[in-house]
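Below, chains carry the letters A, B, ... as their sequence lines are ordered, and counting in each starts from 1. Reckoned from all heavy atoms, side chains included, excluding hydrogens, waters and symmetry mates.
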Number of protein chains: 2
Amino acid sequence: MKKQKSRKGTVTIRDVARESGFAASTVSIVLNNAPLARYIPPTTKARIQKTAKGLGYHPNIFAKSLRSKRNHTVGVILFDITDPYCTLILRGIEKSLYQESYLSILCDAHNERARFERYLEMMLERRVEGLLVLANWLYLDINVLADLERGKIPTVIIGRELESSATSSVTVDDEGGAYSAVAHLYSLGHRKIAFVRGPKALSSSKARWRGVQRFARDSRLDLDPKLVVDLPDQINLNAGVDDAFRITEELLKQKKSFTALMAYDDMTAFGALRALTKAGIKVPQECSIIGFDDVNPSHLMVPALTTVRQPMDAMGASAVSILLDGISSAAENRTVSAIHRKLPAELVIRETTQSIS
Amino acid sequence: MKKQKSRKGTVTIRDVARESGFAASTVSIVLNNAPLARYIPPTTKARIQKTAKGLGYHPNIFAKSLRSKRNHTVGVILFDITDPYCTLILRGIEKSLYQESYLSILCDAHNERARFERYLEMMLERRVEGLLVLANWLYLDINVLADLERGKIPTVIIGRELESSATSSVTVDDEGGAYSAVAHLYSLGHRKIAFVRGPKALSSSKARWRGVQRFARDSRLDLDPKLVVDLPDQINLNAGVDDAFRITEELLKQKKSFTALMAYDDMTAFGALRALTKAGIKVPQECSIIGFDDVNPSHLMVPALTTVRQPMDAMGASAVSILLDGISSAAENRTVSAIHRKLPAELVIRETTQSIS
DNA sequence: TCCCGAAGTTCGATTTAAATG
DNA sequence: GCATTTAAATCGAACTTCGGG
C-alpha cells in the first residue's frame, strides 16, 4: 500500500528512488548536484540519472517552491497592452528575463485603478519574486505607489520618474529628447513651430516641454503661446489620437500659420498628420511633423514619421537587471537603495520633416 | 521551540490557529468554507475570520498547489509580440482570463523554434493548467504540434486551422473574409484587381485565395495571373512589409495596370501603399487598397485602411472558454474531443477604397 | 575519520479519521 | 448518533542528521 506504483501520470522523486534502488534523499542529492553529491560514486549517479531520465522525471515545482520560497517568476503590470509603446518594452523585458530563465506573469490593467489593484493583489498572493510596472500613459499617483510599496517586494517602474521614491525606476531622457527634436526642426530652418503638448498630469509632458524651452533659450527661438496647445487629461489611448486630430484642426482654424509641428508623442503626431492632410496641407512639403517614442507603426506610415526614439529594448533590459539585482539582494537579506536610471533618446529622421525651402 | 512565534513576515495558518485558539484544521475548514464548515458554529467562524484578517493571513499558494495540483495559471505562447495582431488577441484573452481569476504566463518565441521549445518545456515544468498558442505568422509544422501534444495538457491554438488535430483551434473564416473583400472591390466597379497573396506555406494564404476564387467564379470576375504575386516564405514580420513594398514595385514596373489591390494582410497593404505612393499613384483616387486583419495601426493611417477585421477579441475569448472547459474536464478526468471554432470576419470600409469614377 | 547511503524533518495547507462532550 | 473540534497523514522535494562499513 505504501509501495504502490504511482497511480497518476506524474512521476515523483520516490518513483525514481524505487526504480533505481536508492533512497529518495540520495536521488535528490544527485539530481541537484548538492554538496553531498561529492561522496557519491559515479556509478550510483549514473544509475540514478538514467532512471530519472527514463521515467521522465520532472521535479514538482510547487514542492520545490514551498521550501525554497522562490519561483523564478516576476510579475509585469502594464496599463494598456494595446499601446505599441508597451509592446516594444515587453520585448526588451522578455529578452533579458529569458536569459535568466525567469518567466513572467503579464497583467493588463486597462488603465483602471481597480483592475490594477486586483492584479497587484493576485501577484502578491502568488509570491512573484519581483514586479515590473510599465507606467506609460498612466496617472500614477501616491496611492498606487503606496500599494506597490506595501507589497515589500523588489519593484521597478518603467517610464515614469520617481526620483523621490523608494521604488526604482527606468525612464528616458524626455527633456534631452525633446531638445534634440526642436533642434532638428530648427536646423531645417523652421521658426514658426506649433506644439501639441501632452496632458498636464503626465510628468513626461513637463519634462519634454522643459527640453523645448531650454532649446528656445539656447537658440533664441521664439515660442508663440498661440501655437502651443495641450492634450486634455484623460487616459484613453486611442482617444488621444482623436484629441490630437481635433486640437490640430482648431490650431489650423485660428489661422496662426506654422511650418512645423512637434507632437507630444507618435500617436499625437498621427492625429496631427490626419488633420493636416484633411486640411489639404502636404506633409512634409508644407508642414513638417515630428513625434516622440518611435512606436511600432511610425515607420510604416506614409510618409514615415520622423521621431525621437525611446530605447525601449534597453529600457526593458535595464529594468530587468535592476529588478534581478534587487531580488538577489532581498534573497540574501541585503538592503539596496532604489536606483533611478535615465536613458538617452535618439533622433530618428524619416520622411515627415523637411527643410524649409 | 515548536510554538515559536513566526519569525518571518509571512503569517501561516498555524499563526491564525494559535491566535484564535483553534486548530489549524479548523481554520482551514472555515476559511475555505469546506463541507465540514456546516457543523461549525457561526461564533467560531467569526472569530477565526476576524483573527485571520487581523493578522493579514494569506494562504501560501505553493502549499495549496502542492496538494491540489492546480494553480489557476495558463501559459500563453506567441511568436512575435511585436505583431499588432497578437496584441489585440492578447487583450481578448486577458479579459476572459481575468473574469475567471486566472493569471497567464506570457512567452514570446521570437519566431524561433528553439525558443518555442524551451518555453514550452518551462511552462510544462511549472505545470500550467492549459496552453494557449498564438500561431500567427508561424510555420507550424508537425513537430511543434507533436511537442504540444506530448505535454498532455489542454491546449488551444489561435489563428491556425488544425481540423485533423487533437488540439483545439480557433480561427477566422479566412475564405469568407477574402470573399467579402473582393466583393467590396467589385461592387465599387473594380475589375482589374491585383493580388498580393501571403506566403504559400501559410494555410490562411490558401484559404483567403480560395475565397477570392470562389467570388471570381460566382461573379465571373477575371483573375489575371499577371496580377497575382506571392509574398516569399519567410518568417520575419517586419520584412513582410518590405517584401510587400518590393513586390508591389515590381508589379508596377511591368506596366500591367490595375485599379485596386487586395493585400494578404494589413502589413502587406502598408507596404503596397508605400510603393504606390512612391510611384505617384494616389490612394484611393487612382488605386484602391484593401487589407486583412484590421490590426491596430490600420485605422491610424492616412488614409485609413479599408480592411477585413478579424474578431480578435472574440477569438481570444473563445479560445479561453474552450481552454477552461478543457481544464475542468481534465480535472474531473472526463475526456473531451478537440473543438475547432471558426469565427466570421467583418468588412471594415474606411478610406483606401473608392468607387471607380 | 572517511565514504556511502538512508531515515527523518521541514515547508504550509488540506483532508481524513477520530476524539470529545 | 449528533454536533464540534482536532490530531495525524498527505502532497513532493530538499536538507540535516545519523549509522554502518
Stepwise side chain to side chain donor-acceptor pair (under 3.5 Å) test for E94(A) and S104(A): CA-CA 8 Å; E94(A) 186 267 348; S104(A) 66; over 6 Å; no

Interatomic distance where [atom1] belongs to [X] and [atom2] belongs to [N] [whole Å]:
| X | N | atom1 | atom2 | value |
| --- | --- | --- | --- | --- |
| I13(B) | dC11(D) | CD1 | P | 19 Å |
| R127(B) | dA13(D) | CZ | C1' | 11 Å |
| F22(A) | dA7(C) | CZ | C1' | 16 Å |
| K69(B) | dT10(D) | NZ | P | 14 Å |
| R38(A) | dG5(C) | CZ | C1' | 15 Å |
| R18(A) | dA6(C) | CZ | P | 14 Å |
| I40(B) | dA3(D) | CD1 | P | 13 Å |
| I48(A) | dC4(C) | CD1 | C1' | 11 Å |

Which nucleotide in [options] has an atom nearest any side-chain atom of [X]:
| X | options | result |
| --- | --- | --- |
| T12(B) | dG12(C), dA14(D), dA13(D) | dG12(C) |
| P41(A) | dT5(D), dG5(C), dA13(C) | dG5(C) |
| R67(A) | dT14(C), dA7(D), dA13(D) | dA13(D) |
| Y39(B) | dA7(D), dA3(D), dG12(D) | dA3(D) |
| T26(B) | dT6(D), dC15(D), dA13(C) | dT6(D) |

Is there a donor-acceptor contact under 3.5 Å from the side chain of S65(B) to the main chain of R70(B)?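 Confirmed, S65(B) side chain pairs with R70(B) backbone.
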
Output yes when a side-chain donor or acceptor of K95(B) lies under 3.5 Å from a complementary backbone atom of G316(B), and no otherwise.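 Checking the backbone N and O of G316(B) against the side chain of K95(B), no donor-acceptor pair under 3.5 Å is found.
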
Distance under 6.0 Å and angle within 45° of the ring axis: does R47(B) meet both against F22(B)?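 Not satisfied by the 6.0 Å and 45° rule.
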
Closer than 4.0 Å, any side-chain N/O of [X] to the OP1 or OP2 of [N]?
| X | N | result |
| --- | --- | --- |
| Y57(B) | dA13(C) | yes |
| K64(B) | dT14(C) | yes |
| N60(A) | dC11(D) | no |

Just to be sure I understand the rule, does [X] reach a base, reach only the sugar-phosphate, or reach nothing, if contact means heavy atoms closer than 4.0 Å?
| X | result |
| --- | --- |
| T44(A) | sugar-phosphate |
| L66(B) | base |
| A63(A) | base |
| F62(B) | nothing |

If I compare all heavy atoms of [X] with all of [Y], which pair ends up nearest, and what's the gap?
| X | Y | value |
| --- | --- | --- |
| S318(B) | V170(B) | OG-CG2, 3.9 Å |
| V320(B) | L97(B) | CG1-CD1, 3.5 Å |
| S20(A) | T51(A) | CB-OG1, 3.4 Å |

Drop me the distance from S169(A)'s OG to I322(A)'s CD1, to the nearest 0.5 angstrom.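 If I round to the nearest 0.5 Å, the distance is 7.5 Å.
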
What string of B, S and - do you get for nucleotides 16-21 of chain D 5' to 3' if you count protein non-hydrogen atoms under 4.0 Å? BB----

Yes or no on side chain to side chain donor-acceptor pair (under 3.5 Å) for T10(A) and R127(B), after CA distance, side-chain angles and deciding distance? CA-CA 11 Å; T10(A) 44; R127(B) 288 166 163 73; 5.6 Å; no

To the nearest 10°, let me know how far the axis at one end of the helix from dC2(C)-dG21(D) to dG21(C)-dC2(D) is tilted from the axis at the other, five pairs an end.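 Here the local axes at opposite ends form an angle of 80°.
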
Residue pair R18(B) / T12(B), side-chain donor-acceptor N/O under 3.5 Å: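 Absent: no donor and acceptor within the cut-off.
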
